[in-house]
Amino acid sequence: MSSSRTRFAPSPTGYFHVGGARTALFSWLYARQHGGTFVLRLEDTDRERSTQASIDIILEGMSWLGLDWDEGPIYQSQNLPDHVAKAAQLLATGAAYRCYATPAESGAAREAAKAAGNPSWKYTGPDCVIALDEQARRAAQGAPSVVRFRVPRSTGPVQFRDLVYGDQAIDPNELDDFVLLRTDGSPLYMLSVVCDDLLSQISHVIRGQDHLSNTPKQVLLYQALGAPVPQFAHLPLIMAAGGEKMSKRKHGDAVSVTTYRDRGVLPAAMVNFIALLGWSPASEGETREIFTRAELIERFNLERINRSNAKFTFDQHDARKWTDPKAQAINAEYVRTTPLDELLPHLRPVLLAAGLWQDEFDGAQRDWFRATLELIRERFWTLLDFADQGRAYLSDEFPYDPKAVQKNLLKEPRLAALLPQLADRVAGLTAYSADTVEEALRALAEESGVGAGALINGLRTAVTGQAVGPGAFVLCEAVGRERVVARLRGAPAVMASAGA
RNA sequence: GGCCCCAUAGUCCAGUGGUUAGGACGCGGGCCUUUCAAGCCUGAGGCACGGGUUCAAUUCCCGUUGGGGCUACCA
């Protein structure tokens, strides 16, 4: 089956939609599984809205997701001459005809029919709106015309099998004699997709279900062109929480792939999550939901794609719910478990951007750095957490979370005196380790009569600026004696400035 | 409006003509702990409705309702 050829054909008119990303992923998975070819095509023929910036965003997004293409990017605009030629061919064979009715006239006919109780009126033939002789007169005057496809209406329903939605049979009378070429001679989408897919010899058209209703027209076009009809597989749509189609304008950044990269999501996590939207790898009682790219390629199949739309739940006004909670959970899983060697290439840019990267992390401090990452990532959710929650572990410049200071330092005023005392004891330890720090702290707690818990939490906040994190003593090991001592000594100042 | 598609917890997915209808996320409770957006245990929560077919329907058929898509000289 090395002849499988799939494509992803977005129109570069803005951001890279997560729904598009899933369509791209499924097409890519199919091609990879079958040793086929994955083609990237940019449908840039909407000159008003297509931009280079958008093209770049899509290309970057695809690369980020690891969806490499074998051919392309093909620019639809460059194939326009072919589309026009194909229209000419259809005209020549009689499968299409010139139509001199104006948009206003056909629109009026539609309205009139509707008013007369025929809501499903279609443009069904050359003379259905303007008499042929009148059209001939206009032609003689050199009036503008469009090219319409002549829908075959006497050969029964248009049939095709959708690999997801099953057998389809559409009454051709539900189809307009749709326009192929505009008045200015430029091709319309319906013609262009077919021509481009033909040009690329696409064997499996995998795309959103929003194209299902237009597929009969395309099937007719393939047939009129004497070309083989590809296999179709339409994917259920991904809707916003409210049930409507997701758009960045209405639903914000969670709709855009770029956002996920910028918010510290790992591409493998994104791919994993998105793969599970509308498809299931379930087999022999499989309940696992974390899959590597290789596993996805191995298990993917069009047969297990379901037919109902999925909903993306998120709340753009709630920071915790910036995207679907399950997407976040899957990403957390990846952040916590991806082998460091794989994680680092994604983490390094984040640390660099935050001014936290040190070349020693790759040299003298390598072991410490890696051990520290392992320690702190245990409860991280995104790559960005390394740069904020993890900041105090990698740098001496870090902020104190006001709530943590309030809860763990200010509530126990005696800490202002005790923490520096603890610093002295820690400084004097013969051996520095989580255990010895703990001993020292518990001894101080006992002697001073302050609860060990208060001291422990005070230590955590004084050393990391946070209220949560790894165990307070192991944390001290990661941060190092020198820094721990210095930060404990600085605690009174932190308390004073926060209390003031 | 017309045509087409869809319907298992709040969400994403499994599943079956007879099941205690399963998993994940989220949510509640408990345990652990110095903390928790960590870990472990545990709980609540679902087959949209109405007709059929059948000994038996969540499952098959029809309808209703609900949701979605398409319906351009946009892509």
Side-chain angles (χ1 to χ4, degrees), chain A residues 9-13 43-46 48-50 76 99 101-103 106-107 110 114 117-122 144-148 162 164-166 168 170-171 173-176 178-184 186 188-190 192-193 208-216 234 236-237 239 241 243-245 273 276-283 285-290 304 306-314 320-321 324-330 332 336 378-381 385 389 404 407-408 438 441 451-461 466-473 475:
Chain A
S11 39
T13 55
E43 305 205 324
D44 61 339
T45 46
D46 185 334
E48 296 293 303
R49 300 193 299 147
S50 295
Q76 183 164 68
C99 168
T102 66
S106 54
R110 197 180 303 275
K114 195 179 283 184
N118 178 14
S120 58
W121 181 89
K122 299 294 176 197
S145 64
V146 295
V147 172
R148 280 186 191 273
D162 187 275
V164 172
Y165 287 93
Q168 308 288 315
I170 279 72
D171 180 350
N173 292 310
E174 293 297 335
L175 271 23
D176 275 304
F178 53 100
V179 176
L180 260 19
L181 254 35
R182 295 184 180 85
T183 308
D184 67 3
S186 60
L188 253 14
Y189 171 75
M190 211 62 74
S192 294
V193 246
Q209 185 240 54
D210 48 342
H211 291 280
L212 185 59
S213 298
N214 283 326
T215 304
H234 287 91
L237 269 20
M239 316 300 287
E244 332 103 281
K245 215 169 175 177
F273 172 68
L276 263 22
L277 243 33
W279 174 74
S280 165
S283 64
E286 178 72 81
T287 59
R288 207 156 50 105
E289 300 209 326
I290 299 293
R304 291 201 64 85
N306 68 31
R307 287 173 287 278
S308 49
N309 294 342
K311 247 179 253 178
F312 226 53
T313 48
F314 59 89
R320 275 281 177 83
K321 297 178 189 158
D324 195 291
K326 187 160 179 173
Q328 295 191 52
I330 288 178
R336 293 168 193 167
E378 214 170 280
R379 49 206 83 190
F380 282 176
W381 286 70
D385 290 337
Q389 290 184 54
K407 181 180 164 220
N408 289 343
E438 177 164 12
L441 183 143
L455 214 41
I456 288 167
N457 282 321
L459 164 72
R460 174 197 308 289
T461 299
Q466 308 270 315
V468 301
F473 305 113
L475 161 175

(request) Quick one: the dot-bracket string of RNA chain B, using Watson-Crick and G-U wobble pairs with both distances under 3.5 Å, [ ] for crossing pairs and | for bases paired to another strand. (result) (((((((..((((....[...)))).(((((.......)))))....(((((..]....))))))))))))....
(request) Verify whether the ring centers belonging to A:Phe312 and A:Phe273 lie closer than 6.0 Å. (result) yes
(request) Determine the contact category for A:Asp46: base if any of its heavy atoms lies under 4.0 Å from a base atom, sugar-phosphate if only primed atoms, P, OP1 or OP2 are that close, otherwise nothing. (result) sugar-phosphate
(message) Using a heavy-atom cut-off of 4.0 Å across all strands, would you classify A:Gly107 as base, sugar-phosphate, or nothing?
(response) nothing
(message) What I want to find out is whether A:Asp176 reaches A:Arg110 closely enough, with some N-O distance under 4.0 Å, to be called a salt bridge.
(response) yes
(request) State whether the side chain of A:Asn408 and the backbone N or O of A:Gly458 hold a donor-acceptor pair below 3.5 Å, judged by distance alone. (result) no
(message) Measuring to OP1 and OP2 of B:C13, would you say a side-chain N or O of A:Arg304 lies under 4.0 angstrom away?
(response) no
(request) Look at the side-chain N and O atoms of A:Arg182 and state whether any lies under 4.0 Å from the OP1 or OP2 oxygen of B:A75. (result) yes
Show me the protein contacts with nucleotides 37-44 of chain B, counting only N or O atoms at under 3.5 Å.
residue	atom	partner	partner atom	Å
B:A37	O2'	A:Trp381	NE1	2.9
B:A37	N3	A:Trp381	NE1	3.2

(message) What I want to check is whether an N or O donor and acceptor connect the side chain of A:Gln209 with the base of B:G68 at under 3.5 Å.
(response) no
Protein-nucleic acid N or O pairs under 3.5 Å, nucleotides 1-4 of chain B:
residue	atom	partner	partner atom	Å
B:G1	N2	A:Pro119	O	3.3
B:C3	O4'	A:Glu174	OE1	3.3

(message) Closest-nucleotide mapping onto RNA chain B: is A:Ala101 or A:Asp324 further toward the 5' terminus? I mean the 5' end.
(response) A:Asp324
(request) State, with a plain yes or no, whether a side-chain heavy atom of A:Pro216 is found less than 4.5 Å away from one of A:Leu175. (result) yes
(request) Kindly point out which of B:A75, B:A14, B:C5 is positioned nearest to the side chain of A:Tyr165? (result) B:C5
(request) Please determine if a side-chain N or O atom of A:Arg307 lies less than 4.0 Å away from the OP1 or OP2 oxygen of B:C6. (result) yes
